[in-house]
Amino acid sequence: MTTLSELNSCDTASFIERLRGIYEHSPWIPERAAAARPFASITALKQALQTVVSNATLDEQLGLIRAHPELAGKAAISGQLTAESTHEQAKSGLHLCSAEEFTTLHQLNADYNARFGFPFILAVKGPDGQGLTRRAIIATFSRRLKNQRADEIAECLRQIKRIAELRINDLLSVSLAFGPQIMQWSEQIGAISDADNSGDKDFDLTCAYLTPAHRQTAAQLLAWMQQAGMEAHIDAVGNVVGVYRAADASAPTLMTGSHYDTVRNGGKYDGRLGILLPIAVVQHLHQRGERLPYHLEVVGFAEEEGVRFRSTFLGSNAITGRFDPALLDQTDTDGVTMRDAILAAGHDVHAIAAIARDPAKLLAFVEVHIEQGPVLLEHDLPLGVVTAIAGSSRYLVELTGLASHAGTTPMNMRKDAAAAAAEIVLLVEQRCTQALALVGTVGQLQVPGGSVNVVPGTCRLSLDIRAADDAVRLAAVNDIKQGIARICAERQIEFTLESIVDVAAVPCAPRLMRQLGAAVERAGLPRFDLLSGAGHDAMAMAAITDVAMLFTRCGNGGISHNPLETMTADDAELAAQVLLDFLRNYQ
């Protein structure tokens, strides 16, 4: 068995030889990385090799990509693959392709090479190292064929680095203490959904507040917390709360956690990573008989996405004592009130006020979360320390014009609500390109009762304006409101604006950022700071205590709120190790 110590101490030629199979037919990569020895950790070794690839010339990078074989291609059939590639392709059963699957892959390989000029690269062992299904491989192949060439070069290099990471794990007999468990748990609760997934289609993960799927998920989280050694319960609003007690009953509390509800047809890791990861850490502490000098409270917040009742941060607002009782009368699309949903789940609405925590007893709130964006991915970094969470202004806009015959109404006499909406969409896009870290989105656009031969009389759309700087955000909101008024006046359209979210930007506490950053560096990674453009429960928790966030890399281009949302067991492992280090060294 090769060890890190041996790699650090051997001569350069031996170092290159021992790592020869890590990057396919490319010994120049370990040759250049050898100068960075000694490596303080296996993570540092992986980072050094990845840096060589990132700093290589484009011709060298393309040569590395072309050194890899096609999936289920001629080299695989003739037995000419390297031992590493043979093992990886067999892990996903590519040597067992049906005639139809082989034909499909052969055609995809041909189309891909014709489009890009190099072979399709995919870490077929997958996010958890257990192997992707042939169906998943073919679906990924088809999706990536639509990429632009520069984007696909970058993605191939990322996949090569992931392949190398897994090969290094095998070479050095790396055993992950946390990552596989976190990924397995994510799969288990990711299989619980409100959607009807009985048909032959891709799985739809939807878990809205207090639906049967939501309650089943809560019950599973509760069981895992208890098995990990925590005192745990589900509170009156549906939060799943676990406490790992300190030896001193009077000790203060450090809180962590995230939300377990999802958007419609969402991903497996958004929010849930921040619950499952600390449960795994507590399980590790409990198995060692190790106690922290403070109570560690892990909270699975019941609702953050606002899917069912448009009640964003419901779970964390209850914890902070800012639950709005008026929300109890909100109804879902079936006319069920929140009050009735809470009662049907067996909870007492009168006990919600008692959920609120005493700020004087809290040390901090630290949330682990997937980035939900591409920044870490593009920097080849698994972890980042969040500096601030962007503020958000959200509105629902209703436009009322005049429905009229599409064939007989002259263009200059129309009061077209959809045309006004289109102009508003472009206004938002144009205004929100004028400042850094400012974004604007129209995510919903409807023409109720629309018909192909009728000028739209009504249109509804949403607005979502976010920025790290509240002054920048509010200036954009004001300009967009004025623009909507102007557009509607010119088109003789009436409009209403309903504010549904107005949340200020939240800076993370420098003292917590410093401690998280130090833990990241002790793990063998460079500290990297970044902004969160997405909202998180930490925003609500900032009302009663200092907050911080640790981001983990999000694969597939950084996509989130989507079934393609992904991360790896290795990144989950690093995040757990960093959180554990942070907890042990908290000051």
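The model shown is predicted, which means the values in this text are computed figures rather than measured ones.
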With the side chain counted from C-beta on, respond yes when [X] and [Y] share a heavy-atom pair under 4.5 Å apart, and no when they do not.
X      : Y      : value
Val298 : Val281 : no
Asp570 : Val174 : no
Gln47  : Ser41  : no
Arg357 : Thr545 : no
Leu273 : Ser258 : no
Met539 : Val547 : no
Pro278 : Val368 : no
Arg18  : Glu6   : yes

Hey, do the aromatic rings of Phe313 and His259 have their centres closer than 6.0 Å? no
Measuring centre to centre across the rings, with the benzene-like ring taken for any Trp, is Phe551 within less than 6.0 Å of His536? yes
Answer yes or no: is there a donor N or O on one side and an acceptor on the other, between the side chain of [X] and the main chain of [Y], under 3.5 Å?
X      : Y      : answer
Thr256 : Val366 : yes
His284 : Ala280 : no
Thr320 : Met541 : no
Gln159 : Ala123 : yes
Ser532 : Ala534 : yes
Arg37  : Leu7   : yes
Asn556 : Leu564 : yes
Arg162 : Gly126 : yes
His214 : Ala302 : yes
Glu152 : Glu155 : no

Please report the shortest heavy-atom distance between [X] and [Y], naming the atom on each side.
X      : Y      : result
Leu376 : Pro382 : CD1-O, 4.2 Å
Met1   : Ser173 : SD-OG, 3.3 Å
Arg511 : Leu363 : NH2-O, 2.8 Å
Glu371 : Pro374 : OE2-N, 3.7 Å
Pro293 : Ala246 : C-CB, 4.1 Å
Phe365 : Gly257 : CZ-O, 3.5 Å

Say whether [X] and [Y], considering side chains only, have a donor N or O and an acceptor N or O under 3.5 Å apart.
X      : Y      : value
Gln577 : Glu573 : yes
Arg32  : Asn55  : no
His295 : Asp248 : no
Asn147 : Asp151 : no
Arg473 : Ser393 : yes
Glu305 : His561 : yes

Nearest 0.5 Å please: distance from the [atom1] atom of [X] over to the [atom2] atom of [Y].
X      : Y      : atom1 : atom2 : value
Leu276 : Trp185 : CG    : CH2   : 7.0 Å
Ile153 : Leu157 : CD1   : CG    : 7.5 Å
Leu205 : Arg264 : CG    : CZ    : 13.0 Å
Glu367 : Ile389 : CD    : CD1   : 7.0 Å
Tyr269 : Thr552 : OH    : OG1   : 10.5 Å
Ile42  : Thr3   : CD1   : OG1   : 9.0 Å

In terms of relative ring orientation, are Phe528 and His379 parallel, tilted or perpendicular, with 30° and 60° separating the classes? tilted
Parallel, tilted or perpendicular, as decided by the 30° and 60° cut-offs, for the rings of Tyr244 and His286: perpendicular
Taking everything shown except Leu58 itself, do over 12 heavy atoms lie less than 6.0 Å from its CG? yes
More than 12 heavy atoms of other residues, nucleotides or ligands under 6.0 Å from CZ of Arg143: yes or no? yes
Assess whether side-chain contact (heavy atoms from CB on, under 4.5 Å) is satisfied between Val53 and Leu49, documenting all intermediate values. CA-CA 7 Å; Val53 175; Leu49 291 165; over 6 Å; no
Trace of the side-chain contact (heavy atoms from CB on, under 4.5 Å) decision for Asp261 with Val307: CA-CA 9 Å; Asp261 68 319; Val307 168; 5.5 Å; no
Would you call Arg167 and Glu24 a salt bridge, taking side-chain N to carboxylate O under 4.0 Å as the test? yes
Quick one: do Arg522 and Val578 satisfy side-chain contact (heavy atoms from CB on, under 4.5 Å)? Show the steps, please. CA-CA 8 Å; Arg522 287 192 292 268; Val578 165; over 6 Å; no
Criterion side-chain contact (heavy atoms from CB on, under 4.5 Å) on Ile189 and Tyr260, from CA distance to verdict: CA-CA 9 Å; Ile189 58 173; Tyr260 63 94; 5.7 Å; no
